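Just so it is clear, the values below take in all heavy atoms, side chains as well, and ignore hydrogens, waters and symmetry mates. Values in this document were obtained by computation on a predicted structure and should not be read as measured data.
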Amino acid sequence: MRPDVAALSAHRQALDASIPKARRGPVAPPSPRRREAELAQHMETAARLRAEGRFADSLAYLERAAALAPKDPAIHADLGSSLIACHRAEEALESLERALALDPDIAFAHYHLGLALVSLGREGQALGAFEKASALAPRMALAHRRRGALLHGLGLTRRAAAAFRAAAAVAENPAQRLRDNARALRIEGRDEEAKGVLLEAKSLNPKDGETLEVLGRLYAEEGRFAEAEKEFRAVLEYSPGNASAAFQLFQAVTAREEDRPLLLRLAARARRLELPAQSRMLFHFALGRAYEQLKEYASAIRHFDEANKIRAAIAPLNRRALERETRATMAAFPPGSLPAGRKAEDERAILILGLPRSGTTLTEQILSSHPLVAAGGEIGFWSEHGKRALEAGATAAVLAPLAVQYRALLERIDPKAARVTDKNPFNFYRVGLLRRALPGARIIHVRRSPIDNALSLYTTYLNPRSTFFLGNREDLLFFYDNYLRLMDHWRSVLPPERFMEIDYEALVRDRERETRRLVEFCGLSWDEACLYPEKNTRAIDTASLWQARQPVYTSSLERWRNYAPWLGALLRLAPQQGEAVGGAHRPDREARHAPAKDAKGAS
């Protein structure tokens, strides 16, 4: 056991010892007056600890308070919120549901129930919880913000903007009101107006870290990296504990020699166990990125390893559940079960999918450079509805209304566009369902060298809930194998005229040929602008925001060689001598190398 973990364990034992416990053997129940005094003492101590941010320490007191007053909904609600702060979402869910069973009108409990559900990946139910909290407590700005963020992720832009405006109306202070209004404007695509609002917020308080961070993020998404850097560095000057700003700084700019004092300060922050796990993880990802930019790969991988240990603890992989899901998905769409025709009303949809960090953002950036194509980004619609549709049998009756909603969503993104992209990479799990729901949609599978793809996943911060297969090299290999099995299956059942595969390596090495293939597959006439995706002015809100602003480059190819001494199990994905580097080659199920196979299955 590491010393820091041992110290925490000893602290917890000492804490437990300091709390009165029931004596062994039969004893008389405490008098009502004594029970009330003990309850008050536990709740007072828990409240003080929670106010100090010591949520883990508050748990023992809240648990004893709940034992003394099992029918007090407020105690269960407080216990649930502390469990969420400690990243114990399953237990929090139980406490919060108990609180709401006792009193269904506690807005605070509905809000924290929403947080627990988001942590468990149950966004649809979380949205309902935040809506209930907002209805019960219209002045709870946090509930409106959370509701807005979920609605935006689902592509429901009008409702999302309205939610942020509701938050602005009851915001805690003028700067927060302006930030909420800016968020609504950004969702509506009014970035210049949003920028003006954020600059107004900055004028109210030039040292407000949250405002500066949001402004920096906007600049970065627009590709204005010098301005983004200025804002992020200011955040770290005024709010040195802002892990998000540190992470975004080294996503937007390259670390320099003069940054070394800053890196030492960030490393000290990353070691502080009292910080939330998410903050420590972001500090480590920032440091890994910075040291890689300084070409100090041993230091970089050390921080990436620390970040992934935290990520694995937040969202561990359930291998059995993943295996069951893969088998069930393939069984639901056997050969001959998917429609062979097409529907004109689905022509607008271009679904770009594959593993994250495989080149999906670059592909979307290329296509959306075409004047007839609009970029939808990573639309969460099928992530939200797909699993339930599959469980309901994915029948025409189930899918027809979803298809109507999805087409309306694409229409709202850009009613004038002939094509709209959806680059949610995890749609690779839902290819059969998408083909059945949208027979006219085009599906583009982007592949990348397995070891480069795996390394990029391992060294990139992505939402831990959506990348539950990261954090552990063997888990990543297990997930990669399931991905390959699924794509082999889809390749065998999809009509080739609606399914295209493109290798990232080929796209960057033979840009014009592969770009012309993409444009032709999408049923569009050639446009020279597609050769210059770095000139595309749309905002990019993904981990690839810096890369997508650069001319198409080859420097990311074979990046894994810089880390070869430390890759361990991931080296099983490295190409063998004489094997082509690209997305088509693969290991077998035991993660040993097998001959590369092309899309037709030939060795």
Assess the side chains of [X] and [Y]: does a donor N or O sit below 3.5 Å from an acceptor N or O?
X	Y	value
Thr363	Lys423	no
Ser358	Arg448	no
Ser368	Arg419	no
Glu384	Trp382	no
Thr459	Arg289	no
Ser383	Tyr429	no
Ser244	Gln248	yes
Tyr461	Gln251	no

Pair [X] + [Y]: basic N to acidic O under 4.0 Å:
X	Y	value
Glu514	Arg517	yes
Glu193	Arg186	no
Lys195	Glu222	yes
Arg183	Asp180	no
Asp488	Arg485	no
Arg516	Glu512	yes
Glu231	Lys202	yes

Apply side chain to side chain donor-acceptor pair (under 3.5 Å) to residues Arg179 and Thr211 and explain how you reach the verdict.
CA-CA 7 Å; Arg179 285 195 296 271; Thr211 297; 2.6 Å; yes
With Arg319 as the cation and Phe478 as the aromatic partner, state whether NZ or CZ is under 6.0 Å from the six-membered ring centre and within 45° of the axis.
yes
State, with a plain yes or no, whether a side-chain heavy atom of [X] is found less than 4.5 Å away from one of [Y].
X	Y	value
Leu409	Ile413	yes
Pro334	Val493	no
Phe164	Asn181	no
Leu399	Leu433	yes
Leu486	Thr329	yes
Leu351	Ile444	no
Ile379	Leu410	yes
Lys387	Arg430	no

Quick one, Glu411 with Tyr406, criterion side chain to side chain donor-acceptor pair (under 3.5 Å). Give me CA distance, side-chain angles, the key distance, then yes/no.
CA-CA 9 Å; Glu411 173 81 13; Tyr406 185 71; over 6 Å; no
Just by distance, do the side chain of [X] and the backbone of [Y] share a donor-acceptor pair under 3.5 Å?
X	Y	result
Asp527	His370	no
Thr360	Leu353	no
Arg348	Ala417	yes
Gln293	Val253	yes
Asp346	Gly440	yes
Asp422	Asn424	yes
Arg436	Ala394	yes
Gln365	Pro533	yes
Asp414	Lys416	yes

Heavy-atom closest pair, residues [X] and [Y]:
X	Y	answer
Ala454	Leu570	CB-CD2, 4.3 Å
Ala161	Glu188	CB-OE2, 3.6 Å
Met487	Phe499	CE-CZ, 4.0 Å
Ile451	Pro575	CG2-CD, 4.1 Å
Asp452	Arg559	OD1-N, 3.0 Å
Ala228	Gly216	CB-O, 3.4 Å

Would you indicate whether Lys230, at its atom NZ, is surrounded by more than 12 heavy atoms from other residues, nucleotides or ligands within a distance under 6.0 Å?
no
Heavy atoms of other groups near Gln405 CD, more than 12 under 6.0 Å:
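Check passes, neighbour count above 12.
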Distance in Å, [X] [atom1] paired with [Y] [atom2], rounded so as to fall on 0.5 Å steps:
X	Y	atom1	atom2	result
Leu494	His489	CG	NE2	8.5 Å
Leu317	Leu476	CG	CG	10.0 Å
Ile350	Ile443	CD1	CD1	12.0 Å
Thr515	Ile502	OG1	CD1	7.0 Å
Glu323	Asn318	CD	CG	11.0 Å
Arg498	Leu438	CZ	CG	11.5 Å

Take Tyr483 and Phe428 through the ring-ring contact (aromatic ring centres under 6.0 Å, His included) test and state the conclusion after the steps.
CA-CA 8 Å; Tyr483 151 74; Phe428 77 79; 5.1 Å; yes
May I have the step-by-step check of side chain to side chain contact (heavy atoms under 4.5 Å, CB included) for Glu364 and Glu378, ending in yes or no?
CA-CA 10 Å; Glu364 181 180 56; Glu378 296 185 6; over 6 Å; no
Derivation and outcome, ring-ring contact (aromatic ring centres under 6.0 Å, His included), residues Phe225 and Tyr219:
CA-CA 6 Å; Phe225 297 116; Tyr219 284 137; over 10 Å; no
Side chain to side chain contact (heavy atoms under 4.5 Å, CB included) between Arg435 and Phe333, worked out
CA-CA 10 Å; Arg435 174 64 192 167; Phe333 302 99; over 6 Å; no
Tyr458/Phe304 aromatic ring centres below 6.0 Å:
no
Identify which one of Leu117, Leu142, Val118 satisfies the side chain to side chain contact (heavy atoms under 4.5 Å, CB included) criterion when paired with Phe130.
Val118
Does Leu462 form a side chain to side chain contact (heavy atoms under 4.5 Å, CB included) with Leu457? I'd like the steps, not just the answer.
CA-CA 8 Å; Leu462 300 162; Leu457 283 165; 3.9 Å; yes
